[in-house]
Amino acid sequence: MNGLMMNWQLTLDKILEHANRLYPHKHITTMQPDGSLHRYTYADLYRRTKRMANALVQLGIAPGDRVGTFAWNNYQHLELYYAIPGAGAVCHTLNIRLFADQLAYIVNHAEDRIVFVDGTLLPLFEKVAPDVRCVEHYVLFNAPREAAAKLPNVLFYEDLIEGADERFTWRCTDESMAMGMCYTSGTTGEPKGALYSHRSMFLHTLGENQANALGITESDIVLPVVPQFHAMAWGLPYACAAAGADMVLPGPHLRPQPLADLITNERVTVAGGVPTIWNGLYHELKQHPRDISCLRALVVGGSAMPRSLIAAYERELGVNVLHAWGMTETSPLGTVSIPLKQHEALEKGAVWDIKAKQGYPILGVELRIVDEVGRELPWDGRTMGELQVRGPWVISQYFKRDITRDYMTEDGWFRTGDVATVSPEGYMTITDRTKDLVKSGGEWISTVELESAIIGHPKVLEAAVIAVPDEKWSERPLACVVRTQDGWDLTAEELTSYLNDRVAKFWIPDRFVFIDEVPKTSVGKFDKKVLRRQFAAGELG
Ligand code: AMP
């Protein structure tokens, strides 16, 4: 027998309607390209979103059409997060850090009909446009009128808003409609599109806002440093509106100093970003101390947050770090690492051990680890296996691609490509990407853990470990280390003895190379492909 409850569609217009009804006065602050602050309210967001949705329909956008965005985190991009899905179309965020040919491939593959371009990024997009076949209009914002000559069929954002009626009936009538799309940064193979639905994003919003997850509330002021072009800015634009939290959007200002200023001046309570960003902020705050007592959670994900950095934030700056794991394919939030009540009695060091894990699955995500033949492995905190997940905000298929066993198991779990352990309490720890693991003498070495140990050395700014071929052991770890400014005299011997009582003997790299910077991918992760190439070309080692 079925229940007798309403079939109320889980569509994103409901979130914006809710925010406009209950929190119309709450603020959205954007740091503009010139460094000035633009401030408006959820009521303004609502009105302008309705106008933009109307304008899209007038331009002929029909349900299911893809509309691209090429922009920083700002209020216009936020409006598009609601206006495009509100018009029934798919908000396809384009990663501004990709190469022109990758971007052209993605725009063509997605068949974007309109692309919104942030004027500050026009020089980048100009290189993409000649290879794009499907786009009928480019819409510019943050751009002077002369910029119209740079791309074909240009319209201006503010003209569209001005010319459109505020009355609009949302066109997202069915929760299964697609609402957003994001291509994976794809360090291997062609980029692949994760296509989110209204229902998946609505449920992700509720999942993210659980008290045992990020638990954003009306009293929060949230700074998403994570780009809106990366995994829907971790869903924060929807989670904030759902909760009525103020938002602070940094625009193109992602350097440590303006971020520190924004946190202090705007009294930010929750900030989300990748470890590289928070590593930079930590050094800025050590050099130029500021009052950041307002921060209740520094949310970090996208790569492993080293334990030493978690400890440094908590011990030296009094900032609570909330480590999370997710993927573009999981909308993205999958796990969070928040110590439980039973951990209260633990000493600080043990609590940081827990926070350095990727954490427990939030309600709505199931996880398991399996061996090479797909057998489920125990949650004993030691056994490593491939991490697989399932849930209502996990992809079932990539856009315009067949379902293959490369990424979906026969029994319907998504294969993450991550290798993990899970503790008896349910805390998952990523030990590696499948392709990054080092296998030395038949034993696995976790590059993530090794990097985390190396970066604990006070003279180390960044560390990336790769596998290099070895005659005797088949593979050995090579550590590429970036020294801090004061750490110019750090030697391989010093690092070796530092690691001696921190990791297993056979984990200690035979070779350390000192480099100026670890190459990064388009979303700020270590690009080990580049390091491996450099090693093969004899530039490292
Ligand atoms: P993306 O889809 O670009 O966000 O990449 C997802 C991948 O980033 C995951 O499969 C992990 O390999 C990695 N990742 C995300 N969060 C974390 C984390 N907290 N610790 C370690 N790796 C992470």
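Both counts, for ligands and for their atoms, begin at 1 and track the order of listing.
Interface of T328 with ligand 1, defined as ligand atoms under 4.0 Å from a residue heavy atom, comprises 1 (P), 2 (O), 3 (O), 4 (O). For ligand 1 and A304, the ligand atoms under 4.0 Å from any heavy atom of the residue are 18 (C), 20 (N), 21 (C), 22 (N). When each atom of ligand 1 is checked for a heavy atom of A324 under 4.0 Å away, the hits are 16 (N), 18 (C), 19 (N).
Across the listed options V523, D418, T434, T521, D418 owns the non-hydrogen atom lying nearest to atom 10 (O) of ligand 1. Which of S303, A420, G301 comes nearest to atom 18 (C) of ligand 1 through a heavy atom is settled by distance: it is S303. Of the candidates M305, H323, Q358, K525, K525 brings a heavy atom nearest to atom 6 (C) of ligand 1.
Using a non-hydrogen distance threshold of 4.0 Å, G302 registers as a contact of ligand 1. In this structure, G417 falls outside the shell of residues with a heavy atom less than 4.0 angstrom from ligand 1. Residue contacts with ligand 1: G326 is included, with a non-hydrogen atom under 4.0 Å away. Under a 4.0 angstrom heavy-atom cut-off, T184 registers as lying outside contact with ligand 1.
At a heavy-atom distance under 4.0 Å, atoms from both the backbone and the side chain of M327 approach ligand 1.
A donor atom on one side chain and an acceptor atom on the other are not found under 3.5 Å apart for Q102 and E190.
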Practice task
Apply the test side chain to side chain donor-acceptor pair (under 3.5 Å) to residues T335 and K357: give CA-CA distance (whole Å), side-chain angles for both, the deciding distance (0.1 Å), then the verdict.
Solution key: CA-CA 10 Å; T335 67; K357 296 176 189 294; over 6 Å; no

Handout entry: Evaluation steps, side chain to side chain contact (heavy atoms under 4.5 Å, CB included), between F99 and K127
Key = CA-CA 9 Å; F99 293 118; K127 299 197 190 98; over 6 Å; no

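The number of heavy-atom neighbours closer than 6.0 Å to CH2 of W444, taken from other residues, nucleotides and ligands shown, is above 12.
Considering both main-chain and side-chain atoms, R433 comes within under 3.5 Å of ligand 1 through a nitrogen or oxygen pair.
Taking the ring centre of Y398 as origin, the terminal cationic atom of K192 falls inside the region bounded by 6.0 Å and 45° from the ring axis. For the pair R401 and F399, the cation-pi test (distance below 6.0 Å, angle within 45°) is failed. Cation-pi geometry between R483 and F514 is met: under 6.0 angstrom from the ring centre, within 45 degrees of the axis.
In this structure, F202 has its ring center no closer than 6.0 Å to that of H198.
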